[in-house]
Amino acid sequence: MSKPVLRGEIIDDPAQFDTLAPDWWGLWEQSSSATPFQSPAWLVPWWRTFGPGDLATVAVWRGGDLIGLAPLYLEHGTAGSKLLPVGISLSDYLDILCVPGIENQVAAIVAEKILSVGWSQWILSDLPEGSAALAIAHPDLKAGRPATHGACPVLAIAGDDTLAGCVPSRRRRQLRRAQQAASRRGRIALSSARGAPQTFLDQLIRLHDARWAGHGGGVLADAAVEEFHRRSFPLLDARGLVRCWLLAIDGRTVGAYYGFYHRGRAYAYLGGFDPAYAEESPGAILIGHAIAESIREGAREFDFLRGQEAYKYGWGAIDRWTMRRVWTRS
């Protein structure tokens with residue numbers, strides 16, 4: 001019996017993009033490069049919220065099975081149309097999802113199909129090392145050299161939940177002092193907010209806004225970004241991907257941590273704290289707790305995600321770079 005032929009399909013209808021989710025989850029669970037940022041729980045709400053152009057997503061099928069997916073859209077401008085990844089800007093990792101072992105075949109079909117769409121420049125960013133998208137090649141495409149795009153400091157996990165095996169001694173001492181200072185202020189309570197997404201988001205937004213008040217405002221000050229998170233968070237939580245905690249001191253919630261966990265890797269995405277408690281370092285207490293919890297779960301890495309903020313290196317993280325590549329029509 002002959003094997004089903006691989007076929008590509010352009011998805012430009014938002015309704016079809018939504019209904020792809022069950023097949024998308026099946027592919028996401030198989031893809032070796034999958035992160036929470038490439039899941040339908042993240043990218044479908046992103047498109048519903050922002051929808052900044054016209055969908056031009058490529059789905060690759062083998063019979064009735066989805067074996068490859070390149071979530072893309074067209075952004076139109078006076079200089080021509082750009083082909084961009086769905087999820088750009090808010091997502092720390094992006095890539096083509098693919099069943100392992102056929103990355104080159106899927107990349108070739110994606111390239112072939114996307115050439116049927118009108119665009120002048122195709123930009124893919126936030127590509128992890130070894131990305132399937134870096135294999136894209138076609139005689140009618142002119143590829144620029146891959147360039148480093150963003151640093152994502154990553155802490156290699158070792159040891160136990162005392163953090164002695166992976167976090168520098170100086171940071172552990174600072175963490176103990178923060179915990180002691182918080183204890184002097186009142187009783188410390190750390191609680192998981194999983195299963196109560198809207199309550200958690202209310203606290204996260206309040207504390208994130210407080211943290212960035214007077215400093216230009218944080219990312220959650222944008223009403224559209226808040227709407228996106230209110231749509232995506234419950235979907236991610238339902239899949240068991242969310243790791244979020246609230247820190248209370250003497251009954252007052254003073255810190256919030258929003259992260260993910262998937263396949264032995266923890267991701268620190270967003271946080272906020274009450275500036276009135278800055279001396280107690282609620283952000284550090286929450287990160288220390290998140291690292292300890294990731295160790296208990298058997299994590300190999302704690303990813304601080306995009307950005308070279310100094311505090312990340314204090315925890316012992318080392319830069320890991322994502323890539324950016326640009327194609328034009330040859």
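Bear in mind the structure is a predicted one, so any value in this text is a computation, not a measurement.
- In this structure, Ile295 and Cys166 have side chains that are in contact, with non-hydrogen atoms separated by less than 4.5 Å.
- In terms of hydrophobic clustering, with Ile, Leu, Val, Met, Phe, Trp and Tyr side chains grouped at heavy-atom distances under 4.5 Å, Val154 and Phe260 are assigned to different clusters.
- Panel note: side chain Gln16, backbone Asp12; no donor-acceptor pair is recorded below 3.5 Å.
- Using a distance-only test at 3.5 Å, with no hydrogens or angles considered, a donor-acceptor pair links the side chain of Glu103 to the main chain of Gly101.
- Between Tyr313 and Gln308 the shortest side-chain heavy-atom distance falls below 4.5 Å.
- Residues Leu175 and Val167 form no side-chain contact, since every pair of their non-hydrogen atoms from C-beta on lies 4.5 Å or further apart.
- Of all heavy-atom pairs spanning Thr328 and Ser120, the tightest one is CG2-O, 3.8 Å.
- With 3.5 Å as the limit, one finds no donor-acceptor pair spanning the side chains of Gln174 and Arg177.
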Validation: residues 158-165 side-chain donor-acceptor distances under 3.5 Å, sequence neighbours left out:
{"residue": "Asp160", "atom": "OD1", "partner": "Thr162", "partner atom": "N", "Å": "3.0"}
{"residue": "Asp160", "atom": "OD1", "partner": "Thr162", "partner atom": "OG1", "Å": "2.4"}
{"residue": "Asp161", "atom": "OD2", "partner": "Arg296", "partner atom": "NE", "Å": "2.8"}
{"residue": "Asp161", "atom": "OD2", "partner": "Arg296", "partner atom": "NH2", "Å": "3.0"}
{"residue": "Thr162", "atom": "OG1", "partner": "Ala164", "partner atom": "N", "Å": "3.4"}

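- Leu94 is not listed as a side-chain neighbour of Val86, based on a closest heavy-atom distance of 4.5 Å or more.
- Scanning both residues, His208 and Val219, for their nearest heavy atoms gives NE2-N, 3.3 Å.
- How far CG of Asp202 is from CG of Leu207: 11.0 Å, rounded to the nearest 0.5 Å.
- In terms of the ring pair (Phe, Tyr, Trp, His ring centres under 6.0 Å) criterion, Trp321 has no residue partners (sequence neighbours excluded).
- A distance-only check finds a donor-acceptor pair linking the side chain of Thr57 to the backbone of Leu72 [under 3.5 Å].
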query: Run the side chain to side chain donor-acceptor pair (under 3.5 Å) check on Thr35 and Gln38 step by step: do they pass?
result: CA-CA 6 Å; Thr35 71; Gln38 292 138 277; 2.7 Å; yes
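- Taking NE2 from His149 and CG from Leu124, the interatomic distance works out to 10.5 Å, rounded to the nearest 0.5 Å.
- Looking at heavy atoms from C-beta onward, Ser116 lies in side-chain contact with Ile10 at the 4.5 angstrom threshold.
- Under a hydrophobic-cluster definition in which Ile, Leu, Val, Met, Phe, Trp and Tyr are linked whenever side-chain heavy atoms come within less than 4.5 Å, directly or via other members, Leu305 and Trp315 are assigned to different clusters.
- Residue pairs that meet the side-chain hydrogen bond (donor to acceptor under 3.5 Å, both in side chains) test with at least one member in residues 76-89, sequence neighbours left out, are Asp54-His76, His76-Ser81.
- Counting only distance, with no hydrogens or angles, the side chain of Ser330 and the backbone of Pro139 share a donor-acceptor pair below 3.5 Å.
- Put simply, the side chain of Lys312 gets close to the backbone of Arg306: a donor and an acceptor are under 3.5 Å apart.
- In Glu129, the CD atom is not crowded: 12 or fewer heavy atoms of neighbouring residues, nucleotides or ligands sit closer than 6.0 Å.
- Looking only at side-chain heavy atoms (C-beta outward), Leu74 and Leu83 come within less than 4.5 Å of each other.
- The hydrophobic cluster of Tyr261 has no other members, since no ILVMFWY side-chain heavy atom comes under 4.5 Å of it.
- His229 and Trp42 have perpendicular rings, their planes meeting at more than 60° on a 0 to 90° scale where under 30° would count as parallel.
- The main-chain N or O of Ile67 is never found under 3.5 Å from a side-chain atom of Asp65 such that the two would form a donor-acceptor pair.
- For Trp212, the CH2 atom counts as loosely surrounded, since its 6.0 Å shell holds 12 or fewer non-hydrogen atoms of other residues, nucleotides or ligands.
- The shortest non-hydrogen separation linking Ala182 to Ile285 is CB-CD1, 4.0 Å.
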- prompt: Between Arg206 and Gln203, is a side chain to side chain donor-acceptor pair (under 3.5 Å) present by the stated rule, with each step listed?
  reply: CA-CA 5 Å; Arg206 176 181 68 82; Gln203 295 285 5; 2.8 Å; yes
Intermediate values then yes/no, side-chain contact (heavy atoms from CB on, under 4.5 Å), Thr148 and Met323: CA-CA 5 Å; Thr148 54; Met323 307 298 291; 4.3 Å; yes
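- With sequence neighbours excluded, the residues that form a side-chain contact (heavy atoms from CB on, under 4.5 Å) with Arg239 are Trp25, Glu29, Leu241.
- Residue Leu27 holds its CG atom at 9.0 Å from CG of Asp23, rounded to the nearest 0.5 Å.
- Sequence neighbours left out, the pairs with a member in residues 268-282 that pass side-chain hydrogen bond (donor to acceptor under 3.5 Å, both in side chains) are Arg185-Glu280, Arg252-Asp274.
- For Phe302, the ring pair (Phe, Tyr, Trp, His ring centres under 6.0 Å) partners two or more places apart in sequence, or in a different chain, are Phe304.
- Linking ILVMFWY residues whenever their side-chain heavy atoms come closer than 4.5 Å, directly or via other members, leaves Leu286 and Ile205 in distinct clusters.
- Here the closest heavy-atom approach between residue Pro36 and residue Tyr267 is recorded as CD-CE1, 3.8 Å.
- Residues passing the side chain to side chain donor-acceptor pair (under 3.5 Å) test with Asp222, sequence neighbours excluded: none.
- Under the 4.5 Å side-chain heavy-atom criterion for Ile, Leu, Val, Met, Phe, Trp and Tyr, Leu235 and Leu270 are members of distinct hydrophobic clusters.
- Qualifying side chain to side chain donor-acceptor pair (under 3.5 Å) partners for Arg194, counting only residues two or more places apart in sequence or in other chains: none.
- The backbone N or O of Ile114 sits less than 3.5 Å from a side-chain atom of Trp119, completing a donor-acceptor pair.
- Take His289 and apply the ring pair (Phe, Tyr, Trp, His ring centres under 6.0 Å) test, not counting sequence neighbours, and it matches Trp245.
- Counting only distance, with no hydrogens or angles, the side chain of Asp95 and the backbone of Ala133 share a donor-acceptor pair below 3.5 Å.
- Of the residues Arg263, Arg243, Arg265, the one that meets the salt bridge (Lys or Arg N to Asp or Glu O under 4.0 Å) test with Asp303 is Arg265.
- With Ser31 contributing its side chain and Trp28 its backbone, the two residues share no donor-acceptor pair below 3.5 Å.
- Residue pairs meeting the salt bridge (charged side-chain N to carboxylate O under 4.0 Å, His left out) criterion with at least one member in residues 316-330, sequence neighbours excluded: Glu301-Arg320.
- Both Tyr257 and Val254 belong to a common hydrophobic cluster when Ile, Leu, Val, Met, Phe, Trp and Tyr are linked at side-chain heavy-atom distances under 4.5 angstrom.
- Scanning for ring pair (Phe, Tyr, Trp, His ring centres under 6.0 Å) contacts around Trp24 gives Phe17, with sequence neighbours left out.
- Inter-residue side-chain proximity for Ile88 and Tyr73 is flagged as met; some heavy-atom pair is nearer than 4.5 Å.
- Taking CZ of Arg231 as the start and CG of Leu236 as the end, the distance is 14.0 Å to the nearest 0.5 Å.
- Ring pair Phe200/Tyr258 is perpendicular by interplanar angle, where above 60° counts as perpendicular and below 30° as parallel.
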